[in-house]
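Below you'll find the structure, written out as structure tokens, and then a few comments.
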Amino acid sequence: MADTKLITFKVRRYDPDKDTAPHWEEHKLNVHDGMTVLEALHEIKAEQAPTLAWRSSCRMGVCGSCGMFINDLPMLACQTQVLHLNTDVVTVAPLPNYDNVKDLVPNLEPLIEKHAAIKPFIIHTNSKEIDEPTGEFIQSVEQRDEYSQFTFCIKCGLCLAACPTVATDPLFLGPQALAQAYRYTVDSRDCGLQERLEAIDAFHGPYQCHMAGACSQACPKGVDPAFGIQLLKRTLVLDSIGFGKKEKHLSKVMPLADVVKQIEEFAPPPRTVK
Ligand code: FES
């Protein structure tokens with residue numbers, strides 16, 4: 001059997017039906033190389049704390065549901081190996097800057113509401129083309145590069161947990177929503193800046209960002225929301241003095257017949273193995 005190391009887990013517990021305040025529980029566990037905090041929690045739950053609650057799903061850093069405050073930093077439990085923390089004591093608490101539903105479960109509703117507020121979808125002036133498309137909007141590699149990194153956001157909410165502005169202003173839209181506002185606004189197919197202004201060009205919008213950069217350090221997918229917020233500020237300033245990109249043209253639509261032709265041209269050869 002692989003070598004193991006005895007680790008003490010200090011887990012913050014809170015059951016709103018029983019507890020008037022959160023408290024800490026200690027659990028000792030033999031941890032082997034490669035074991036993640038999420039796997040450790042599963043073992044603790046199976047052997048020592050059957051009512052321990054948290055949220056997780058994919059176990060592979062994709063769904064974004066297992067965000068926790070591990071040794072005082074927001075991290076994904078499924079992506080954090082216990083022995084990589086280089087400590088004999090691991091503290092696990094719910095993400096800060098969110099209400100605590102139970103034990104390690106944060107209430108992520110504000111994250112989702114702020115994300116929805118910035119209209120996270122392509123808004124085009126020609127709704128007919130959106131509803132009944134006659135072709136495909138062409139986008140160059142350079143145009144896609146303008147927003148590409150922001151598409152990696154998995155909405156785990158770690159950036160809001162790390163943000164010092166959210167800590168003092170819960171209404172601040174926050175790094176996740178603001179970076180996504182930039183992602184859609186800069187998209188060559190989008191004409192929605194004016195529709196988003198009500199949400200993003202407000203008191204609790206990008207100008208409240210202190211540029212601490214904690215959001216970008218916390219992001220488990222390498223997104224740089226702090227940079228996105230600064231780019232969004234530039235977009236708003238340019239728009240306010242009449243240099244915004246207001247119209248993007250439908251002439252860039254590629255007819256469906258050409259799309260089909262392109263797909264056929266790049267189609268893989270037929271299977272030879274039955
Ligand atoms: S369980 Fe899906 S990101 Fe961790």
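In this text, all values refer to a predicted model and were calculated from it rather than measured experimentally.
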Is a side-chain donor or acceptor of [X] paired with a backbone partner of [Y] at a separation under 3.5 angstrom?
X	Y	answer
Glu39	Thr36	yes
Lys45	Pro50	yes
Asp169	His204	no
Arg12	Pro22	no
Lys114	Phe172	yes

Cluster question for you: counting only ILVMFWY and a side-chain heavy-atom cut-off of under 4.5 Å, with indirect links fine, are [X] and [Y] together?
X	Y	answer
Leu85	Trp54	yes
Val166	Phe69	no
Val237	Leu178	yes
Phe152	Leu232	yes
Leu95	Ile112	yes

Next on the checklist: Is there a side chain to side chain contact (heavy atoms under 4.5 Å, CB included) between His27 and Glu43? Walk through the geometry before answering.
Outcome noted: CA-CA 10 Å; His27 301 282; Glu43 285 208 14; over 6 Å; no
Checklist entry - For Ala226 and Cys215, which heavy atoms make the closest approach, and how far apart are they? => result N-SG, 3.5 Å
Looking at side-chain heavy atoms only, is the closest gap between [X] and [Y] below 4.5 Å?
X	Y	answer
Gln79	Cys66	no
Lys102	Pro16	yes
Ser188	Glu146	no
Thr8	Asp88	no
Val82	Phe9	yes
Lys155	Leu108	no
Leu231	Tyr147	no

Any side-chain donor near an acceptor of the partner, [X] and [Y], under 3.5 Å:
X	Y	answer
Thr51	Arg13	yes
Gln176	His115	yes
Asp33	Gln81	no
Gln139	Asp187	yes

Can you spot which of [options] makes a side chain to side chain contact (heavy atoms under 4.5 Å, CB included) with [X]?
X	options	answer
Pro94	Val101, Asp103, Asp99, Asn100	Asn100
Ile200	Ile229, Leu236, Thr235	Leu236
Val90	Ile7, Leu83, Leu29, Val11	Ile7
Met68	Thr80, Leu41, Leu76	Leu41

Item to check | Geometric class of the Tyr182/Phe150 ring pair [parallel <30°, tilted 30-60°, perpendicular >60°] | outcome: perpendicular
Checklist entry - Per the side-chain hydrogen bond (donor to acceptor under 3.5 Å, both in side chains) rule, which among Arg183, Arg196, His124 passes with Asp190? => result Arg196
